[in-house]
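For clarity, every value in this text was computed on a predicted model and none was experimentally measured. Every heavy atom of this structure was used, including side-chain atoms; hydrogens, water molecules and symmetry mates were not. Ligands are counted one by one from 1 in listed order, and the atoms in each one are counted from 1 as well.
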Amino acid sequence: MPPTFYMKKCTGCGLCDSICPADAIYMKEFEDTSVPYLKYPDECWHCGSCRQDCPEGAIEIQFPPDMLCI
Ligand code: SF4
Ligand code: SF4
């Protein structure tokens, strides 16, 4: 499964958008906040960078079983 964003933790910093090597994450801009969303889920190859680098721990990824060698 591609990333899931937990809005209760997210501060809208935009780091996940900046670092995604697949350019799959974009930000929705509102008047007083920004919200990340996965614009191109099929482009995500589960590299884990967004989850690893999110400073708020606001991203979860369920990695495909074949990536976990199980
Ligand atoms: S890096 Fe984390 S806190 Fe920043 S916009 Fe993305 S999900 Fe939100
Ligand atoms: S897991 Fe990697 S490719 Fe997928 S959305 Fe996050 S940073 Fe982008």
Side-chain angles (χ1 to χ4, degrees):
M1 292 286 290
T4 302
F5 302 97
Y6 291 96
M7 290 302 115
K8 284 186 178 177
K9 291 183 175 179
C10 176
T11 60
C13 70
L15 185 62
C16 52
D17 175 13
S18 300
I19 57 92
C20 174
D23 199 22
I25 300 174
Y26 281 70
M27 302 297 290
K28 280 184 186 163
E29 304 293 337
F30 296 95
E31 195 169 310
D32 57 351
T33 189
S34 298
V35 175
Y37 70 104
L38 200 63
K39 186 172 183 178
Y40 301 110
D42 291 344
E43 299 297 318
C44 171
W45 67 73
H46 304 93
C47 70
S49 295
C50 54
R51 186 184 74 163
Q52 180 172 316
D53 290 353
C54 173
E56 308 301 329
I59 299 176
E60 286 294 330
I61 300 173
Q62 286 197 338
F63 292 96
D66 58 344
M67 288 184 72
L68 301 174
C69 300
I70 57 176

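Distance from atom 4 (Fe) of ligand 1 to its nearest protein heavy atom, with residue and atom name: Cys13 SG, 2.2 Å. Nearest to atom 5 (S) of ligand 1 among the protein's heavy atoms is Gly14 N, 3.2 Å. Ranking the protein heavy atoms by distance from atom 2 (Fe) of ligand 1 puts Cys54 SG, 2.3 Å first. The nearest protein atom to atom 6 (Fe) of ligand 1, hydrogens excluded, is given as Cys16 SG, 2.3 Å; this is a heavy-atom distance.
The contact set between ligand 1 and Ile59, taken as ligand atoms under 4.0 Å from a residue heavy atom, comprises 7 (S). Applying the 4.0 Å criterion to heavy atoms of Glu56 picks out, from ligand 1, the atoms 3 (S). The atoms of ligand 1 that sit less than 4.0 Å from any heavy atom of Cys10 are 3 (S), 5 (S), 7 (S), 8 (Fe).
When the side chains of ILVMFWY residues are joined at heavy-atom separations under 4.5 Å, either directly or via intervening members, Met1 and Met7 end up in two distinct hydrophobic clusters. Under the 4.5 Å side-chain heavy-atom criterion for grouping Ile, Leu, Val, Met, Phe, Trp and Tyr, Ile59 is not connected to Tyr37 through any hydrophobic cluster.
With sequence neighbours excluded, the residues that form a side chain to side chain contact (heavy atoms under 4.5 Å, CB included) with Glu29 are Met27, Ser34. Remark: Phe63 pairs with His46, Arg51, Ile61, Met67, Leu68 by the side chain to side chain contact (heavy atoms under 4.5 Å, CB included) rule, at least two apart or across chains. Scored by the ring-ring contact (aromatic ring centres under 6.0 Å, His included) test, Tyr40 finds Tyr26 as partners (sequence neighbours excluded).
For atom 4 (Fe) of ligand 2, protein N/O/S neighbours under 2.8 Å (waters excluded) are Cys44 SG.
From Cys13, atom SG reaches atom CD of Glu56 across 7.0 Å, with rounding to the nearest 0.5 Å. One distance of note links CD of Glu60 with SG of Cys50; it measures 10.0 Å at 0.5 Å rounding. Taking OG of Ser49 as the start and CD1 of Ile25 as the end, the distance is 9.0 Å to the nearest 0.5 Å.
A pairwise comparison of heavy atoms in Cys44 and Ala24 identifies N-CB, 4.5 Å as the closest pair.
Residue-level proximity to ligand 1 for Asp17 is absent, since no heavy atom of it falls below 4.0 angstrom.
Contact annotation: the side chain of Phe5 approaches that of Pro36 to within less than 4.5 Å [non-hydrogen atoms, C-beta and beyond].
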